[in-house]
Amino acid sequence: MPELPEVEVTRLSFASRISNSTVLSVQIGKPLRWPLGCLPAHLVGANVSSVRRRGKYLLLDLDRGLLLVHLGMSGSLSFTQAGGSGSAMGAHDHFELRTTAGTLRLNDPRRFGAVVFAPADDAPIVGKLLSHLGMEPLSDDFDVHAFYAGLKRRKASIKQVLLAGDVVVGVGNIYASEALFHAGIRPTVRANRLSLPRASKLHAAVKMVLARAVERGGSTLRDFSSTDGQTGHFQLEAMVYGRTGEPCRVCGTAVKNIRQGQRSTFFCAKCQKM
DNA sequence: AAAAGCCCCTGGATGC
DNA sequence: TGCATCCAGGGGCTTT
């Protein structure tokens, strides 16, 4: 599901609403990818000051620590303003944070997502989950020369290096194919074979595609929506993702679909020659 | 150190 | 209608 744009759209949809609230109660459903890391009751009374994002993680700043939320493949959050009646936890609701401002709830059928509490920003669990992450593509630290240097160190295919997240974060399966299309780069090229000009074109394409996707509210393939229920629309303007056999929007050649590391990759063999 | 494969889990689409 | 198979926005862990 959620790549950087969806996570960012989710963040924007509730960050200001939950800020400066106090946790009233916490409910847990079935186990997620990792255990919460504290008793649910430990979060009660905590003040939520802000919501940040690092890669595909949402970071809720609490006065007593940090709550990391990852949406995995099928997760989505909802936020219901305080004062409503409040519904019971559904079969796929696995975490709920009821605060003075409203209720944040994680729905995640596949349960690849996670909610993890860390007592401090430098807690071991934070390091374990975040320390290996690469540059933030929409921030100033996404330097083109650092990007090029990162690619130089890797012999794997450029598509898989983008997905791996240790050079640049947030680019998942949809946006990797899309960015490579916009840069005119074949997904199978080894990362270290890209010249500086081509790496630089990809650098720009990654930024452009992700920023555009945020503007469009992300991509809703099946069930993504932000915390206020809004679905995304970027999938409607995808150039190659999910378009196997359909004509390339630029040259008309049928879009190809190949497998790379057990994931689908889409590209136009004519627009992305090498 | 880096790459490749496996696995976690549920549900929708497709084919017989 | 039922059942088997494949596929899906991620990513950590184990094995090469």
Side-chain angles (χ1 to χ4, degrees), chain A residues 1-11 29-35 53-58 68-77 90-95 106-116 124-134 137 149-179 188-193 206 209-210 212-214 216-226 231-238 240-244 257-266:
Chain A
M1 125 344 125
E3 305 181 32
L4 183 148
E6 291 74 30
V7 176
E8 181 63 9
V9 165
T10 296
R11 188 186 74 81
K30 288 188 189 170
L32 293 163
R33 175 159 199 158
W34 299 299
R53 180 189 55 73
R54 177 75 176 100
K56 296 172 189 169
Y57 286 90
L58 287 170
L68 293 82
V69 178
H70 197 289
L71 301 178
M73 285 280 267
S74 58
S76 62
L77 290 172
H92 300 304
D93 293 329
H94 303 304
F95 182 81
L106 173 68
N107 181 275
D108 185 5
R110 292 177 73 180
R111 291 189 279 127
F112 289 171
V115 180
V116 175
I125 186 69
V126 178
K128 180 180 165 184
L129 296 178
L130 306 184
S131 66
H132 67 281
L133 297 181
L151 299 188
K152 271 290 164 218
R153 275 183 256 117
R154 307 290 297 275
K155 284 191 191 168
S157 71
I158 184 60
K159 156 81 179 326
Q160 289 178 279
V161 170
L162 286 177
L163 279 190
D166 46 6
V167 177
V168 58
V169 293
V171 183
N173 211 39
I174 296 177
Y175 302 108
S177 283
E178 291 300 304
T188 49
V189 183
R190 290 173 184 275
N192 63 353
R193 303 296 293 263
V206 165
V209 162
L210 295 178
R212 174 65 183 161
V214 171
R216 301 292 285 127
S219 296
T220 297
L221 297 187
R222 168 169 290 131
D223 50 16
F224 169 73
S225 66
S226 59
T231 57
H233 303 281
F234 183 86
Q235 74 280 4
L236 300 174
E237 54 194 71
V240 288
Y241 184 85
R243 302 191 62 244
T244 310
N257 177 16
I258 58 173
R259 307 279 306 171
Q260 291 181 285
Q262 285 101 277
R263 315 291 300 275
S264 273
T265 299
F266 303 86

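Chain identifiers are assigned alphabetically (A, B, ...) following the order of the sequence lines, protein sequences preceding nucleic acid strands; residue numbering begins at 1 within each chain.
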### Task
Mark this stacking check for A:Phe112 against B:dC9 as yes or no, applying ring centres under 5.5 Å and ring planes under 30°.
no
#### Entry: Closest nucleotide among C:dG10, C:dG12, B:dA3 to the A:Ala156 side chain
B:dA3
### Query
Separation of A:Leu58 atom CG from C:dG10 atom C1', in whole Å?
14 Å
### Task
Can you figure out which of B:dC6, B:dC8, B:dG11 approaches the side chain of A:Gln262 most closely?
B:dC6
### Task
Return the value, rounded to whole Å, for the distance between atom CD of A:Gln260 and atom C1' of B:dG5.
15 Å
### Message
Rounded to whole Å, please give me the gap between NE2 in A:His94 and P in B:dC8.
### Response
17 Å
### A:Asn107 and A:Asp223, any side-chain heavy atoms less than 4.5 Å apart
no
## Note on the structure
Shortest non-hydrogen pair, A:Thr10 vs A:Glu6, comes out as OG1-O, 2.8 Å
### Message
Using a distance-only criterion (donor-acceptor N/O pair, under 3.5 Å, no hydrogens), is the base of B:dC9 paired with the side chain of A:Arg110?
### Response
yes
### Message
Measuring only between side-chain heavy atoms, which start at C-beta, is A:Leu71 closer than 4.5 Å to A:Lys56?
### Response
no
#### Entry: Considering all heavy atoms, the nearest A:Val214-A:Pro5 contact
CG2-CA, 3.7 Å
### Query
Quick one: is C:dG12 close enough that its OP1 or OP2 comes under 4.0 Å of any side-chain N or O from A:His70?
no
Under 3.5 Å, N/O pairs linking protein and nucleotides 14-16 of chain C:
none

### Task
Look at A:Arg154 and B:dA3 and indicate whether a side-chain polar atom (N or O) is within less than 4.0 Å of OP1 or OP2.
yes
### Query
Between C:dG10 atom C1' and A:Ile174 atom CD1, what is the distance in whole Å?
12 Å
#### Entry: Earlier contact from the 5' end, DNA chain C, for A:Arg259 and A:Lys128
A:Arg259
### Task
Name the closest nucleotide to the A:Lys56 side chain, picking from B:dC8, C:dG11, B:dT10.
C:dG11
### Query
Expressed in angstrom and rounded to an integer, what is the separation of A:Ile158 atom CD1 from B:dA3 atom P?
11 Å
### For atom CG of A:Leu32 and atom P of C:dG11, their distance in whole Å
15 Å
## Note on the structure
Writing each nucleotide of DNA chain C 5' to 3' as (, ), [, ], | or . by Watson-Crick or G-U pairing under 3.5 Å yields .|||||||.|||||||
### Query
Any side-chain heavy atom of A:Val209 sitting closer than 4.5 Å to one from A:Phe234?
yes
#### Entry: Shortest non-hydrogen contact between A:Val168 and A:Pro137, atoms and distance
CG2-CB, 3.7 Å
### Query
Just checking A:Gly172: base, sugar-phosphate only, or nothing, at a heavy-atom cut-off of under 4.0 Å?
sugar-phosphate
### Message
For A:Arg153 and A:His92, find the nucleotide of DNA chain B closest to each by heavy atoms; which residue's nucleotide sits nearer the 5' end?
### Response
A:Arg153
#### Entry: Polar side-chain atom of A:Arg111 near backbone of A:Gly113 as donor-acceptor pair, under 3.5 Å
no
### Query
Using atom P of each nucleotide, how far apart are C:dC7 and B:dG5 to the nearest Å?
16 Å
### Message
Let me spell it out: for each of A:Ser264 and A:Trp34, pick the nucleotide of DNA chain C with the closest heavy atom. Which residue's pick is nearer the 5' end?
### Response
A:Ser264
### Euclidean distance, A:Tyr57 OH relative to A:Leu130 CG, rounded to 0.5 Å
6.5 Å
### Query
Of A:Lys159, A:Gln160, A:Arg259, which is the lone residue that meets side chain to side chain donor-acceptor pair (under 3.5 Å) with A:Thr265?
A:Lys159
### Message
Looking at every non-hydrogen atom in both residues, tell me the closest pair between A:Asn173 and A:Glu3 and how far apart they are.
### Response
N-OE2, 3.3 Å
### Task
Counting heavy atoms from C-beta on, name the nucleotide in B:dA2, B:dT10, C:dA8 closest to the side chain of A:Arg222.
C:dA8
### Summary
Between CG of A:Leu163 and P of C:dA8 the distance, given in whole Å, is 12 Å
### Summary
Ranking B:dT10, B:dC8, C:dG12 by distance to the side chain of A:His132, first place goes to C:dG12
### Message
Using the rule given for side chain to side chain contact (heavy atoms under 4.5 Å, CB included), can you reason through A:Leu106 versus A:Leu32, listing the C-alpha separation, both sets of side-chain angles and the distance that settles it, and then say yes or no?
### Response
CA-CA 10 Å; A:Leu106 173 68; A:Leu32 293 163; 3.8 Å; yes
### Query
When all nucleic acid strands are considered with a 4.0 Å heavy-atom cut-off, which category describes A:Phe234: base, sugar-phosphate, or nothing?
nothing
### Summary
A:Lys159 NZ to B:dA4 C1', in whole Å, measures 14 Å
